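We name chains A, B, ... by the order of the sequence lines, and we start the count at 1 in each one. The structure presented is a predicted model; accordingly, all values stated were derived computationally and were not measured. Side chains included, hydrogens not; waters and symmetry mates left out as well; all remaining heavy atoms used.
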Amino acid sequence: MATVANYANIFTRYDLIGAGAAKGAMVSSKDTALQKVLECVLEGDSDNIAAVVNEALATKDPMTVINDGLIRGMNEVSRLWDEGEYYLPQAIVASDAMLQGLDICEKKLGQSLEKKGTVITHTAEGDIHDLGQKIVNALLRANGYNVIDLGKDVPVDDVVAAVKKNKPVMVTGTALMTTTMTAFERISNRLLKDGFETPFVCGGGAVSLEYVTGYKLGVYGKDASQAPGMANDAVNGLGWTDMREKWNS
Amino acid sequence: MPKYDKMAYASAGEMIFGTAKNPVKYGRDFTVGGGQVFPELVPHPRPGTEATKKTLVKEYEKMVTDVLDRCVAIGIPGIQIELEHVYQMTKNPDWGGEIASATKHLQEEYHRKYGLKSGIRATIADYRKPDEEDIRNSVAIETSLKTFETSAAGGADVLSIESVGGKEISDYTIVRQDIRGTLFGIGVLGSRDMEYMWKKIVDIANKYGVTPGGDTNCAQANVAMFMAGGYQDRSVPHTFAALTRAIAAARSLVAYEQGAKGPSKDCGYEDVIIKSITGNPIAMEGKTCACAHSDLLGNLVAACCDLWSNEAVEYHDMFGGTTVAVFAEILGYDVALMNTAIQMGHEKVLQELMVQSDKYRDTHGFILCPENAYEIGKAIVGNNTSYYARAKAAAIKAGQLMLGDSKLQMSAFEKESLESAMRTLDSLPEKEEDFISECADIYKKLIPGFTLANYGL
């Protein structure tokens, strides 16, 4: 049988364009202990983060370890992800390590760091596909948000009650199926009826921009990675119409 | 425990679309794998129609009528319709049963009037929550099993499911590029859950005289593949997703070891590996499922199919008719081309064209081209001492194949991801009990709600 002489006429490997050797992280610390903390975050090394954070805490105050080690490392991870050098798993394992380290520092401080705000997340009633929500949770927590995770297959009543009780800066809803995402509009209507205008970011699977922008409060979330930026906007006072204008138009 | 210890085919070269070693017959003169490829059309209701049984049944009646009308309009000899349950159809067993009955009624009418051959697959929703409940003794499993019964009694010819055992682990590990946990979640826990589920599903199928079809690793390997996405995506390395697919083959095989006969479930991209082992007919989807999701093996994946599917298309109007009618026509012409090739003795040529279109487009197509799928199948049957052993062997073989073909290009990052996973696989314990013990210690701490008891451990 004949063979293919030139695959370039069949497909183009756009993924290989500019895919040279990894450039790696561009942050470092002159302090040996903080350098170890930075490296643990950048490598997502949850096995060793506790040891290096404790080592750093032996000579430094917790806020220094947090700001110059953990958060600085996580900011660099975000840059590497944004520039396409890291994939999502590298960002997730880095956030795991960072949050572990943060927990140790907060215990030493004797208090939790003040969170940027509270976000309630859930997966729609009838839907057990919550992986997208879990990614959103991890990214929000790594970016300094208090996340109230309502879990999967969450009844409309429970979402509405949680918003009323906790008054979050933002709510998120994830759904894989079009036949479960209809719960989002019911949540929106109930919140509006009770006087809440909380931005309600919805996304996942078959959820579309057209659908989400068809009801009030709805802001379409195309990708989990957008969640921290959207939460920042909500904290900074953007309402759901402003957020929709910024992210969905 | 694993049962398959040899391949159904003597070589990959024997495998071809339209023919399976063990064809299955059901429905209205409908034979799958008997020398002809048929389309499998999957209609999906519009949002809002799931509000009541009446509106949902009506929606299905309209969709099925549109499909059957288009088959007659352009001369498609036969078609399978999949009733892929939305949550409401499974949670309310009578809904699933009534929709199966309505579909059968329509198919019988078109068979009587026109001789249109047809079959119905009911795919019951698995809405168990492994990290929140006893998945072997919950309302969810009882309801799902009841809906299998109502669907079979109502008129479904083939029963399928997309089971979710081990998903609590793989959801955690896939996004962390953790191959050990992915092997545990899919290869060990997923396999054990399938063994438990499929004994029950096969019993129900036998009770009603219908065909137990097959499962798919949609909840896990498809998650990895979809997250790997296209060339621009950076969510999961493509090489990692391909390893996940090889593991999934060892897992989805369990349905057939418990008595499933095929046709397999369309979104099980691992099914070509399973066909090489079982000889059972398979349903596949590729370019025709772009309405539901994108993939990088749109032609290649048809190379050994017996049913050719669209995955799911939501019911709407298009210029050329409703979406379900349009996709029935697209599928119908695709299988007409395959069946023409068979009739003219050019099926191996067409198969080769399909393969060469996508073999080096991406890692997923590479490991699923017939010759590589066959090698992975051999690794599975040659390591059948445990679910763990064969799933690990499948992943290692897939990795070796990817690293061993210089035409398969990959970025430095993708290659390092693969080599890292291979190093981990090589370092894992020999014995399944040691692996389970190691993983139990790790993931009980990391994943709230995870319990070995859900898997009989």
Identify which part of [X] has an atom lying under 4.5 Å from any heavy atom of chain A, answering side chain, backbone, both or neither.
{"X": "Lys167(B)", "result": "side chain"}
{"X": "Glu414(B)", "result": "side chain"}
{"X": "Gln232(B)", "result": "neither"}
{"X": "Val223(B)", "result": "side chain"}
{"X": "Phe240(B)", "result": "neither"}
{"X": "His44(B)", "result": "side chain"}

Between [X] and chain B, which part of the residue has a heavy atom less than 4.5 Å away: side chain, backbone, both or neither?
{"X": "Leu176(A)", "result": "neither"}
{"X": "Asp96(A)", "result": "side chain"}
{"X": "Glu185(A)", "result": "neither"}
{"X": "Tyr14(A)", "result": "both"}
{"X": "Tyr86(A)", "result": "backbone"}
{"X": "Thr182(A)", "result": "side chain"}

Which one, [options], leads in non-hydrogen pairs under 4.5 Å with chain A?
{"options": "Val164(B), Val236(B), Asp178(B)", "answer": "Val236(B)"}
{"options": "Gly48(B), Ser357(B), Pro237(B), Ala312(B)", "answer": "Pro237(B)"}
{"options": "Asp131(B), Thr90(B), Asp362(B)", "answer": "Asp131(B)"}
{"options": "Asp358(B), Val175(B), Val86(B), Asp233(B)", "answer": "Val175(B)"}

Looking only at non-hydrogen atoms, find the nearest pair between [X] and [Y] and report the distance.
{"X": "Pro47(B)", "Y": "Thr178(A)", "value": "CB-O, 3.5 Å"}
{"X": "Tyr87(B)", "Y": "Asp153(A)", "value": "OH-OD1, 4.1 Å"}
{"X": "Pro89(A)", "Y": "Ser235(B)", "value": "CD-O, 2.7 Å"}
{"X": "Ile128(A)", "Y": "Asp126(B)", "value": "CD1-O, 3.4 Å"}

In terms of side-chain geometry, is the basic nitrogen of Lys129(B) or Asp130(A) positioned less than 4.0 Å from the acidic oxygen of its partner? no
For the side chain of Arg13(A) and the backbone of Gln409(B), is there at least one donor-acceptor N/O pair under 3.5 Å apart? yes
Quick check for you: among Thr3(A), Asp127(A), Asp223(A), Ile10(A), which has the greatest number of heavy-atom pairs under 4.5 Å with chain B? Ile10(A)
Winner by heavy-atom pair count (cut-off under 4.5 Å) against chain B, out of Met181(A), Gln90(A), Lys134(A): Gln90(A)
Enter the distance from [X]:[atom1] to [Y]:[atom2] here, rounded to the nearest 0.5 Å.
{"X": "Ile92(A)", "Y": "Gln177(B)", "atom1": "CD1", "atom2": "CD", "result": "12.0 Å"}
{"X": "Glu314(B)", "Y": "Ser208(A)", "atom1": "CD", "atom2": "OG", "result": "8.0 Å"}
{"X": "Ile174(B)", "Y": "Leu131(A)", "atom1": "CD1", "atom2": "CG", "result": "7.5 Å"}
{"X": "Met177(A)", "Y": "Glu50(B)", "atom1": "CE", "atom2": "CD", "result": "10.5 Å"}

Worked verdict on Met227(B) versus Ile135(A) for side-chain contact (heavy atoms from CB on, under 4.5 Å): CA-CA 12 Å; Met227(B) 290 190 74; Ile135(A) 296 170; 3.6 Å; yes
Among Thr12(A), Asp15(A), Leu16(A), which one satisfies side-chain contact (heavy atoms from CB on, under 4.5 Å) with Tyr231(B)? Asp15(A)
Decide side-chain contact (heavy atoms from CB on, under 4.5 Å) for Gln356(B) and Tyr7(A); before the verdict, give the C-alpha distance in whole Å, the side-chain angles of both, and the deciding distance to 0.1 Å. CA-CA 9 Å; Gln356(B) 290 302 329; Tyr7(A) 283 101; 2.3 Å; yes
More than 12 heavy atoms from other groups under 6.0 Å of [atom1] on [X]:
{"X": "Lys216(A)", "atom1": "NZ", "result": "no"}
{"X": "Lys348(B)", "atom1": "NZ", "result": "yes"}
{"X": "Lys115(A)", "atom1": "NZ", "result": "yes"}

